[in-house]
Structure formats: C-alpha cells, structure tokens
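Report on the structure given below.
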Protein chains: 2
Amino acid sequence: MSRASARDRLADAAFALFAEFGYEQTTVEEIAERAGVGRSSFFRYYRSKEDVIFPDHERLRQQVAARLATSNQATAITAVSDAVRLVMLYYVSEGERARHRYRLTSTIPALRDREIASVAAYQRLFREFIDGWIDEGARSALRAELMAATVVAAHNHVLRRYLRDECADPVSEVDAALDQAIALFGVDPRAVSTGTTVLAFETPERPEEVFAALRRVLEPRAKT
Amino acid sequence: MSRASARDRLADAAFALFAEFGYEQTTVEEIAERAGVGRSSFFRYYRSKEDVIFPDHERLRQQVAARLATSNQATAITAVSDAVRLVMLYYVSEGERARHRYRLTSTIPALRDREIASVAAYQRLFREFIDGWIDEGARSALRAELMAATVVAAHNHVLRRYLRDECADPVSEVDAALDQAIALFGVDPRAVSTGTTVLAFETPERPEEVFAALRRVLEPRAKT
DNA sequence: AGTTATATGGGATGGAGTCTCAGATGGCAA
DNA sequence: TTGCCATCTGAGACTCCATCCCATATAACT
C-alpha cells in the first residue's frame, strides 16, 4: 500500500504517537492501526513495544563484534577505536531519529533501562576483546574490566553531548575522548592509527540522508 | 499467621518457586498463594514481579547517596571507598540470598537487565559526586564520567567473583580493586584512609546471620 | 491451473499490573 | 460494651502486552 515497508511504517507511526501522546498512553494496537497493518504484524516485526524504538541494536552490536573479530594483538587499539567510531557514526547517520529516541529514553524509565541494558552488551563485547588482545604483559581481568568501562563511558559521554546538541563534531570528539580513556592505562598512544578511516556499515536510512549527515559531520574536519 | 512478615514471606516464596520452576513459569498468583496472601497484596509490597528479587535496592542506593552526601573535597576519596564498601558489605550480609539472586540474574534476561539498570543508577550517583568533589584542578566532565565508570566496574568485578565463590575476602579485594581504579587517574592514594572502618546500615536479615557473615569475611584480615 | 512458500490478520489465551470496593482487624474513646 | 476511626487485606474487574493458532491472501514457480 505505501512505498515504505511495513516495518518502517510501524517505526514511524510509533515515534509519531509516542511524541504526541506519550509512551504509556500509546497502545500497540494504535501503532499498528496508524501503520495500516494488523496488530499481529507489529509483533512480527518487533519483539516488543520497546523494541520499535531500537530497531537495529542487535545488528549494530553484531557489526561491532565483527569489527573486533577481524583484529589481532598488533591492531587491537585501532580495532577498539574503529568499533567505537562505528557506533557513533551509526547514531550520526540516523539524524533526527536518534534525537527523538534520546528524548524518549531520557523520560521513560522502561526505555532508559532498555537502552542501558544494550550499552552493557557493548561493554561486555569490549571487555572480552580487551581481555584477549590488549595488556598481554599487564594482563588482568580487572584491568580489562576497567578499560572496557572507560571505553564505553567515553563513547557515551560524547554521544550524549551530541544528542543534546552540545557538540558539533562528535566523531573527532569521540576519538579524543577515547584517546584520553586509553591513555589512563598507559597504552602507547602511537599504536592508534591516524588519518582517514573508511568504515562499511548498514543502515535503514536512505543513502543520500546518510551522506548528508556524514558531510555535516566531516566538513569541519576537512577544513584543517 | 506466620512469624515472618508478609513481605518477607513473599520474597522467600518467590525465590523458592523461581528456583524450582523457573522465573517465567512462576506466576505472581502462585507466589502469593505460597506466601499465604492474596494476589493484590503482592503488588502492595512489590511494584512488580521483578522487584521481589531486589527488595532493597532503592534503600541501598539511598544509603550510598547519604554516605556521599556527608563528604567534602578533602574526604572525597574516602567517601567513595566507603560507599563502595557499603554496597559490597550489603551483599555479603545477605549471604546465600545474594548468590541465589546472582544465579537468577545470570540466566533470566529480564532480571539481568533490571540489575544492570540499578548498577547504572549507582554509576550516576558516583559520577555526580566525583564531578563535584574530585579533580578540582583537572576538572572535566569526561574525567568524572570515566572515573565513575571504573569505580563501579571495579566493584562489580569483585562482587561477581565473590558471588561465584572465586574470592574469599571480598572486602579487602574490593578495596584493592578500587585503589587500582583510582590510581589510574593519578589521584594521591595517600588520600585514602586506612585502618578499621565502621559502617552502619540496615538489612532485613537477622542480626546473628549478619554477624556470622561479617565474621567470616573479616577473620582472614584479622590474622594479619 | 495447480502447488508450494511466505506474508498477513483475526481471534483466543494467559499473565502482569492497576484500580475499586467491601469486609476484616485493631486500637481508642465514650 | 458500643461506636468510631484508621489501616490492612482480598476479591474481582479491567487494560494491555505478548504469544499462539489458524484461515486466508498473495506471489512465484511448474
């Protein structure tokens, strides 16, 4: 019936209704109705009502895991950097939708808890990776734990700034924040590669929108 | 009818039924029935089915906040240490119950997410405190964020070891882990007070059980 | 046209969580 | 004792989330 897929229509309808009437006040039935599908179909596309807000978390998590998996000890720091940048770039590519989600997760406890849980999943990925590939000399489970915690905290700090519109260049800011986090552990910062990084990732957004968003982000850096 | 309060009976019934039949397979009605109260009363004592597993999280969080609130810049590190120890001691005082909970939160995603969310609440407390009282010179929101993340990660690392029975002396281990975390930030470790720390806190457990648990924990230290 | 695979909606079901109301309980004073 | 008040309790109805089953539709291929 519509051009957009049923899955996208459902997400759009959900965001619109949540913004207008609030999260608890909106029922799944109403979301399905506005999207022009049956109630059953909603749960075909999304496991739960909360899920419609984070449609691609699992996919993004897998991409992070995949990036980390293609690394070895020599390139471990770069892999962590890339993985963190991957997540940040995904949010940037989402544009306004990420800010809508942030507004919801800031106010609705159920959604905030879910967001926090997915962040914890990232932290576990990083912890396992760091435990395996970094700190071969000073290896200790506690160090890996602390390092993963700071990596994720650094990313989230900049991400929240970006979502609150307090930061014009989230990509270079997150790079800087990550450098600061890793420097705490006395890891040689020269092990971090510099220059242009090319990443491949998938997003439901249309390419032109992604390019526009990335251009907005990258242009201030291109001037230097 | 029974000696124990309805609230305690409900928690006991819930833990027993979860252990025997699993979390999803147990209904609130069955918990209430075993506890000898009506279904309505369950929701009087606990906001939700998940809540019965973490009866005192909110109270413990308030105790942490209270300990931090009684500090100033000069004693900030000690306050953080005490607050972390406070949480660890609470789990220790719970004895086996904490391990039962750990088994549940390790396997049931819904309960794990809830646990993670409450950890995030602690992290926020520490972040706000650190942002206000530590790093007056090198003050930066990012540093506070990273420091709070490592404080919580250090605590959780030792707590999980304790709950998995991999650690005989969780209190001194958490002190050591915290020292390691704080040392990352170049804070003067001499600012951390040493010696005996006396803490006051409340717990639903009976005093003799608390004393026994604490004695088990403190005795290995007393020998030194 | 026939057949298989996949997508969809309807309806039933069960359980979580909220709400209201009626009855029970236990002081406490007259 | 009686009456009054506050608090606690359980029953039942209700909404909504989430799952499940099944009948139908659409498409795709033979």
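Proteins come first, then strands; the chains are lettered A, B, ... in the order of their sequence lines, and each starts at number 1.
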**Message:** Check this for me: does the side-chain of S40(A) come within 3.5 Å of the base of dG10(C) through a donor and an acceptor?
**Reply:**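 Present.
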**Item:** Side chain R39(B) and base dG15(C) donor-acceptor under 3.5 Å
**Value:** no
**Asked** Looking at DNA chain D, which of residues 41-53 of chain A put a heavy atom within less than 4.0 Å of it?
**Response**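 Within residues 41-53 of chain A, the residues near DNA chain D are F43(A), R47(A), S48(A), K49(A).
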**Asked** Do S48(B) side-chain atoms and D51(B) backbone N/O form a donor-acceptor pair below 3.5 Å?
**Response**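 Such a contact is found between S48(B) side chain and D51(B) backbone.
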**Message:** Test your reading of the model: is there a side-chain donor-acceptor pair from R161(A) to the backbone of E166(A), 3.5 Å cut-off?
**Reply:** yes
Euclidean distance, atom [atom1] of residue [X] to atom [atom2] of [N] [Å, nearest integer]:
X: E29(A); N: dT8(C); atom1: CD; atom2: P; value: 18 Å
X: E30(B); N: dG14(C); atom1: CD; atom2: P; value: 13 Å
X: R7(B); N: dT9(D); atom1: CZ; atom2: P; value: 13 Å
X: I108(A); N: dC17(D); atom1: CD1; atom2: P; value: 14 Å
X: L17(A); N: dC16(D); atom1: CG; atom2: P; value: 14 Å
X: F21(A); N: dC16(D); atom1: CZ; atom2: P; value: 14 Å
X: R9(B); N: dG10(D); atom1: CZ; atom2: C1'; value: 14 Å
X: L111(A); N: dC17(D); atom1: CG; atom2: P; value: 13 Å

**Prompt:** Hey, what's the ring geometry for W133(A) with F129(A), parallel, tilted or perpendicular (30° and 60° as the breaks)?
**Reply:** tilted
**Aromatic plane relationship, Y91(B) with H155(B) - under 30° parallel, 30 to 60° tilted, over 60° perpendicular** =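 Taking Y91(B) first and then H155(B), their aromatic rings sit tilted (interplane angle of 30° to 60°).
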**Request:** Can you spot which of R160(A), R99(A), R103(A) makes a salt bridge (Lys or Arg N to Asp or Glu O under 4.0 Å) with D165(A)?
**Result:** R99(A)
**Message:** Does anything in residues 17-30 of chain B form a salt bridge (charged side-chain N to carboxylate O under 4.0 Å, His left out)? List the pairs, not counting sequence neighbours.
**Reply:**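 Listed by first then second residue: E20(B)-R34(B).
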